[in-house]
Each structure stands twice: as C-alpha cells, then as structure tokens.
2 protein chains.
Amino acid sequence: MALSTLKPAIDPAFLEKLQDYYAEHKVIPSYSVLATLWGMSAKSWVSEIVKRFEEARYLDWTPDKQLKPGPRFFERRLTDQPVQAGLPNPAISDGYDLITLDDYLVRLPSRTSLVRVKGDSMIDAGIRDGDLIIVEQQPNANIGDIVVAIVDNEFTVKYLDREKTEFVLKPANKAFPVIRPRGGMEIFGVMAGLARRTR
Amino acid sequence: MALSTLKPAIDPAFLEKLQDYYAEHKVIPSYSVLATLWGMSAKSWVSEIVKRFEEARYLDWTPDKQLKPGPRFFERRLTDQPVQAGLPNPAISDGYDLITLDDYLVRLPSRTSLVRVKGDSMIDAGIRDGDLIIVEQQPNANIGDIVVAIVDNEFTVKYLDREKTEFVLKPANKAFPVIRPRGGMEIFGVMAGLARRTR
DNA sequence: TTGAATACAGAACGATTGTTCGGTATCAAG
DNA sequence: CTTGATACCGAACAATCGTTCTGTATTCAA
C-alpha cells in the first residue's frame, strides 16, 4: 500500500479508443474530439488524461508542441496463457508482455529494408508467396544464412551455400533448382525476419 | 495544350518533406509548421498546396475536419527491381512504403493481440515454432480460418473445420492428429498475420 | 508588349485550440 | 462525521488555427 499508488491510474479503455482512432485516421485528434471519443464533456479532463498518457509515454509532443504518439503507443499484448473467464486469477502475473512489432522485427533501422517474396521456392523454410522479408543489408553472409541476393537484376531469397569454390543459392523446395550464378553474384542482405498478413 | 493542364502541378519535393516529417512524428503538422517545412512564409499558399494534395488524394480530412494522410500518402514507386549501386533507397518493397510494420500487421489495435506458436503442427501453413501470430480476438470464426482456440487451458493454432455437426481443429502437418474437443471449445480469435524473427 | 496564368507574400478575421481555475459528486479511510 | 482523494463539469481566455481577400513579381505564349 505504500509505494504502489504513486502514479495515477491510466484507463486502458481510453488508450484503446485512441489507438483505434489512430489506426483509422493516422492522426491524433484535438481535445474536443478526444472528449467525445472518450465520452467526456470537459476538455479540462481530457487535458488531465493526456498528461497521464504523456507521463506513461503513450503520448508525446512534437517540437512544434503538437500531440503525437509516444514510444509506447504501438505496444501490443503478447498473451502467454489464456486468461480463463470464470476462474479467478491464480495470483500470478497479468499473463502477458508488451512488445512493439517494429522493435521486435527491426533492430537496425538504418540497414533494414523489406522485400516482398515471389513464388514458392522457400516454402520448406516457412516462407510463402507474398510474405515480407525483413532484410538487414550487408555485402556478405555466412553459409546457411537465408540471403536476399541480386541475380539477373532481380531479388532472390535463398539459402546461401557453397559447392567447392563457388557460392550457390539453394531453394527450400525440391521442385526448384539450385542457382549457380556464373560470374559471381551480389548479396543484398541477410534475412532477419518475416511479416505476413493473412485475411 | 487543351486538356492537359487542367490540374495544377504538385511539387514532389513538398510531398517528400511532409512524408519525412510524418515518418518522424507520426502526425500531420499545422499550416504554419508546414510553411516553415516548405520554406514559405504565407499560410495562404500552404492552403493552396494542401488543396492540391487533397485533390491528388495525398491528403485527406477526418470527419472532424482535421488534416490527415490520404489514400496515396504512403505510396511510392513500384520498385520490385533492385536498385543497383549505392543502395539509394531502403525501407521499401512493393508499391507501398510501409510507415511501420505494426501498421501493416495490425488493423484493429484494441482487438489485436499476439500469441507465440509452440510446436510444428502448422508447418504446412508456413507457421513455425516460435512465430508470433497476430490474432484478432473474436468469439467465432469461419470454416477454413486459422484460429487460435483455447483447449485444456492452452492456446492452440489450427485450421477450423467441421465434421458432421461438430467443430474440429485441423493441424497443417500429417504427423499431428485432428483435435476433436469434447464438449465444445472456445475460440480466442482469428489469425490475421504473422511475425517471425530469425537471426 | 501585352495579357493571362502562376507562384507567392501579407494582413485581417472568426473559429477553434489547449490551459487554467473554481466548482461538484462520490467514496473510502480515519 | 469529517477529511482528503479522485473523477469529473463548465466558464473564461489568450494563443493559434485555417480561410479569405488583396497585392505583387515572374513567366511565357500570343
């Protein structure tokens, strides 16, 4: 009871409504719009709530003193265990962590880019047509890495392997041939992750 | 000379500066900030430029008459082809420049959570051990959807199917059995995407 | 060389912004 | 039964917003 209630509580429902609004419009609304969004009628109270979000780093300000999403605004719940509806919580944790997908997938923003996968040549590595590969750009790689290489002026995603003295690109699909680029090849980068949208 | 010059020209440099500002702050600035950003000193001229962007659908308005990114705001040239030489352009893949991966993967923040995949039961659907499933929480789903269900107080990712009158959960891996939950099951949500980190 | 666009600047103005401050209702602790 | 938080409402206000209108410099075709 001593230290716990230092910071005022933030209402997750308010945050969720704002996140949904932002997801739809890609903009943080004004205080009066926030008021209706949150079901209030006083801008002064909105101001108070915003200050709490600001302190919790869900919101932030531009150098021009405009409200903008803060560092934690895009955090998502990572649910470990299903929270049973009926059962009382067995006194443990909340059952989830918070992670930001961008931070999770991109660790070196300046060297990272995305490449869309075409075809099924890497199916056995769990890489499907249309997937987005997160690539860390670098001119060399290790045997066994999944690399994005430039062959015939096109991107190719393949395993990097060596045959005798030459590097080759191996698909993860028996129906596809090994690529033996004549006269060297260029490595664009190494796969660091994958993003897929279904639905 | 007749029909061609109906629409006034839009200056790509202005758009790029605004896109850069947005990428940094995740917000569209006010007209006076835009003026300095664009090197002008008259808001009236900003207003004119904005109207052109609006007509070209690079900008749009919220129902609350606030300026927001338009449908084409995140659009860039269609670069499937690798750009040779000094890697001029990171961060892109296809026609759309993703502002964030989070935005790409999450469409309804308040109903979205992440679940970590355990095991290889969905390998043939390109879902591997350790992957993060983006789940849109909802109590029901359609046959054929990949769902996250709660069985024995644990999350399971499977195809939803029906046998006669009962719902069953089908793995995407012949080595695993079909799950026929006795006495009904609870659906946590439907898979909407996937995030994987390698390396 | 004239005229009509185009690309700005600048002032004026009502509307809207976010802040501040004073007030009220609820509720749990002492 | 007080007291002090907490959760709001409502009014007032200066600052800033975006619009509108008038004016000017440049360009370029006729």
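Order of the sequence lines fixes the chain letters, A, B, ..., with proteins taken first and strands second; residue numbering starts at 1 for each chain. These values consider heavy atoms only, across backbone and side chains, with no hydrogens, waters or symmetry-generated copies.
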Please give, in whole Å, the distance from [N] [atom2] to [X] [atom1]?
X       : N      : atom1 : atom2 : result
B:Asp64 : C:dT17 : CG    : C1'   : 14 Å
B:Gln66 : C:dT16 : CD    : P     : 14 Å
B:Lys65 : C:dT17 : NZ    : P     : 12 Å
B:Trp45 : D:dT24 : CH2   : P     : 18 Å
A:Glu48 : C:dT20 : CD    : P     : 11 Å
B:Leu67 : D:dT19 : CG    : C1'   : 14 Å

Which pairs would a plain distance check flag for residues 121-131 of chain A, meaning a side-chain donor or acceptor within less than 3.5 Å of a matching protein atom at least two apart in sequence or in another chain?
{"from": "A:Ser121", "atom 1": "OG", "to": "A:Lys158", "atom 2": "NZ", "distance (Å)": "3.1"}
{"from": "A:Asp129", "atom 1": "OD1", "to": "A:Gly119", "atom 2": "N", "distance (Å)": "2.6"}
{"from": "A:Asp131", "atom 1": "OD1", "to": "A:Arg196", "atom 2": "NE", "distance (Å)": "2.9"}
{"from": "A:Asp131", "atom 1": "OD2", "to": "A:Arg128", "atom 2": "N", "distance (Å)": "2.8"}
{"from": "A:Asp131", "atom 1": "OD2", "to": "A:Arg196", "atom 2": "NE", "distance (Å)": "3.3"}
{"from": "A:Asp131", "atom 1": "OD2", "to": "A:Arg196", "atom 2": "NH2", "distance (Å)": "3.0"}

Open item on the list: Below 4.0 angstrom, which residues in residues 31-43 of chain A have at least one non-hydrogen atom near DNA chain C?
Closed with: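 Hits under 4.0 Å, by residue number: A:Tyr31, A:Ser32, A:Lys43.
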Open item on the list: Please list, in numerical order, the residues of residues 23-30 of chain B that have a heavy atom closer than 4.0 Å to any atom of DNA chain C.
Closed with: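 The stretch gives none, as no residue of it lies under 4.0 Å from the strand.
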Task: Partner residues of A:Arg77 under the salt bridge (charged side-chain N to carboxylate O under 4.0 Å, His left out) criterion, sequence neighbours left out - done: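 Here no residue qualifies.
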TODO: Could you list the residues that satisfy salt bridge (charged side-chain N to carboxylate O under 4.0 Å, His left out) with A:Asp11, not counting sequence neighbours?
DONE: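 By the salt bridge (charged side-chain N to carboxylate O under 4.0 Å, His left out) rule, A:Asp11 matches no residue at all.
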Open item on the list: Once ring pair (Phe, Tyr, Trp, His ring centres under 6.0 Å) is applied, what residue pairs with a partner in residues 171-199 of chain B remain, sequence neighbours excluded?
Closed with: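 Non-adjacent pairs meeting ring pair (Phe, Tyr, Trp, His ring centres under 6.0 Å): B:Phe155-B:Phe188.
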Open item on the list: Just by distance, no angles: are the side chains of A:Gln66 and B:Ser30 close enough, under 3.5 Å, to form a donor-acceptor pair?
Closed with: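 No donor-acceptor contact under 3.5 Å links the two side chains.
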TODO: Return yes if a side-chain donor-acceptor contact under 3.5 Å exists between B:Ser110 and A:Gln19, otherwise no.
DONE: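 No - no donor-acceptor pair under 3.5 Å links their side chains.
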Task: Test ring-ring contact (aromatic ring centres under 6.0 Å, His included) applied to B:Phe73 and B:Phe53, B:Tyr58, B:Tyr22, the passing residue - done: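 Going through the options one by one, the only one that passes is B:Tyr22.
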- [ ] State the CG-OH distance between A:Leu132 and B:Tyr104, to the nearest 0.5 angstrom.
- [x]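 Atom-to-atom, A:Leu132:CG and B:Tyr104:OH are 5.0 Å apart.
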TODO: Look up atom OH in A:Tyr21 and atom CD1 in A:Ile28, then write down how far apart they are to the nearest 0.5 Å.
DONE: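 If we round to the nearest 0.5 Å, A:Tyr21:OH and A:Ile28:CD1 are 9.5 Å apart.
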Open item on the list: Does D:dA7 have its OP1 or OP2 closer than 4.0 Å to a side-chain nitrogen or oxygen of A:Arg52?
Closed with: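 It does, given that an N or O in the side chain of A:Arg52 lies less than 4.0 Å from OP1 or OP2 of D:dA7.
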Open item on the list: Is there a side-chain contact between B:Ser47 and the phosphate of D:dT19, meaning an N or O under 4.0 Å from OP1 or OP2?
Closed with: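 For B:Ser47, the contact criterion (side-chain N or O under 4.0 Å from OP1 or OP2 of D:dT19) is met.
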